[in-house]
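Structure first, commentary second.
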Amino acid sequence: MLHFARSVTPPFPMRRHDMQLRTVVLALVAACSSPSMESTAQAETQAAAAARPMRKVKPADDVIRKELTPLQYSVTQQSDTEMPFKNIYWDHKKPGIYVDIVTGEPLFSSQHKFDSGTGWPSFYQALVPASVIEKRDVSYGMARVEVRSKIGDSHLGHLFDDGPKPTGLRYCINSASLRFIAVDQLDAQGYGAYKAAFAKK
């Protein structure tokens, strides 16, 4: 696995044109996506995904398109970013785990989640480190570390070094790339192996 220097701020200022373009794109996404409609669509997607077993390979693109909402597809397959504070998990506090919306691969736990103040769900470590792949990202004039799921190759978000102890890391993740499984549903959905960690708390 390649490792790159993690940086919260870019080595040089983002070009004004890039900043303006990104602002316009995010504004258009927000304007064209009603929070209530998107939440309903994501809830339906989550329910359908819960009925599927965890996948060991990434499905074909046409299958992914049918199963995901437009936002979930653009985030996971096209590396887009959802709006902060307008996504389903940024302030979600229920105990459970978060899996890849595409494959069901376990990625993060509520036990490692914290309020970063950024408006996106943040974790100081991965539930299964080998399932979260780090890649260099130089888009938008910034040098960052992108994180993707191993099996589904879904874009999840980015990794920064301004998180809390004990790791000092912040996995800044898009809610649209995740599906939440509550503790009382772990056994029923095939994730019983992760239940013991919650019993210890």
Side-chain angles (χ1 to χ4, degrees), residues 3-16 18-36 38-39 42 46 69-101 106-129 131-149 154-180:
H3 291 273
F4 302 92
R6 301 183 178 98
S7 176
V8 179
T9 56
F12 48 86
M14 183 186 288
R15 291 171 294 184
R16 177 171 295 182
D18 291 336
M19 291 179 67
Q20 292 174 338
L21 177 62
R22 181 172 176 79
T23 301
V24 170
V25 170
L26 291 176
L28 285 173
V29 171
C32 297
S33 178
S34 165
S36 59
E38 180 61 34
S39 296
Q42 288 195 13
Q46 299 253 333
T69 67
L71 177 60
Q72 290 169 333
Y73 184 88
S74 68
V75 167
T76 60
Q77 307 305 304
Q78 298 173 331
S79 301
D80 285 344
T81 300
E82 66 193 2
M83 293 294 290
F85 302 104
K86 293 184 179 180
N87 55 83
I88 61 175
Y89 296 135
W90 76 271
D91 62 347
H92 190 253
K93 297 178 174 63
K94 294 182 179 179
I97 68 172
Y98 297 82
V99 303
D100 183 352
I101 189 65
L107 300 171
F108 300 99
S109 170
S110 62
Q111 294 177 314
H112 309 134
K113 193 171 186 288
F114 69 99
D115 183 3
S116 63
T118 61
W120 288 286
S122 300
F123 306 85
Y124 61 78
Q125 70 182 54
L127 175 61
V128 183
S131 295
V132 180
I133 306 301
E134 300 175 19
K135 291 188 176 183
R136 188 183 185 202
D137 179 5
V138 294
S139 61
Y140 299 106
M142 296 183 286
R144 298 178 294 174
V145 176
E146 178 194 17
V147 288
R148 305 183 71 89
S149 62
S154 298
H155 170 73
L156 304 176
H158 290 87
L159 176 60
F160 302 94
D161 61 0
D162 60 354
K165 295 180 180 180
T167 65
L169 301 177
R170 171 170 60 95
Y171 288 86
C172 186
I173 308 299
N174 290 282
S175 290
S177 68
L178 304 173
R179 176 166 70 89
F180 176 73

Taking atom types as modelled, find out whether [X] and [Y] have a side-chain donor-acceptor pair closer than 3.5 angstrom.
| X | Y | answer |
| --- | --- | --- |
| Thr118 | Arg170 | no |
| His155 | Gln77 | no |
| Ser122 | Ser116 | yes |

Measuring from atom [atom1] of [X] to atom [atom2] of [Y], what distance do you get when rounded to the nearest 0.5 angstrom?
| X | Y | atom1 | atom2 | result |
| --- | --- | --- | --- | --- |
| Leu169 | Gln125 | CG | CD | 9.0 Å |
| Ile173 | Tyr98 | CD1 | OH | 11.5 Å |
| Trp120 | Met83 | CH2 | CE | 8.5 Å |

message = My understanding is that only residues two or more places apart in sequence, or in another chain, count here; which of them pass side-chain contact (heavy atoms from CB on, under 4.5 Å) with Lys94?
response =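 If we apply the side-chain contact (heavy atoms from CB on, under 4.5 Å) test to Lys94, skipping adjacent residues, the hits are His92, Phe180.
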
Q) Nearest heavy-atom pair of Ser110 and Pro95: which atoms, and what distance? A)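 In terms of heavy atoms, the two residues are closest at OG-CA, 3.2 Å.
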
Would the distance check show the side chain of Glu82 and the main-chain N or O of Ser175 forming a donor-acceptor pair, the cut-off being under 3.5 Å?
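The answer is yes, because a donor-acceptor pair under 3.5 Å joins these two groups.
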
Donor-acceptor under 3.5 Å (Asn87 side chain, Gly119 main chain):
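Pair found, side chain donor or acceptor close to backbone of Gly119.
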
### Query
Below 4.0 angstrom, N of the basic side chain to O of the carboxylate: do Glu146 and Arg148 qualify?
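Judged by the 4.0 Å cut-off on N to carboxylate O distance, Glu146 and Arg148 do form a salt bridge.
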
Self-check item: Sole candidate of Thr76, Asn174, Asp100 that passes side chain to side chain donor-acceptor pair (under 3.5 Å) when paired with Ser154
Solution: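 By the side chain to side chain donor-acceptor pair (under 3.5 Å) criterion, Ser154 pairs with just one of Thr76, Asn174, Asp100: Asp100.
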
(request) Among Tyr171, Tyr89, Tyr124, find the residue that satisfies the side chain to side chain contact (heavy atoms under 4.5 Å, CB included) test when tested with Phe108. (result)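 Of Tyr171, Tyr89, Tyr124, side chain to side chain contact (heavy atoms under 4.5 Å, CB included) with Phe108 is met by Tyr171 alone.
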
Checking side chain to side chain contact (heavy atoms under 4.5 Å, CB included) against Leu107, which of Val128, Ile101, Leu156, Leu127 comes through?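 For Leu107, the side chain to side chain contact (heavy atoms under 4.5 Å, CB included) check succeeds only for Leu156.
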
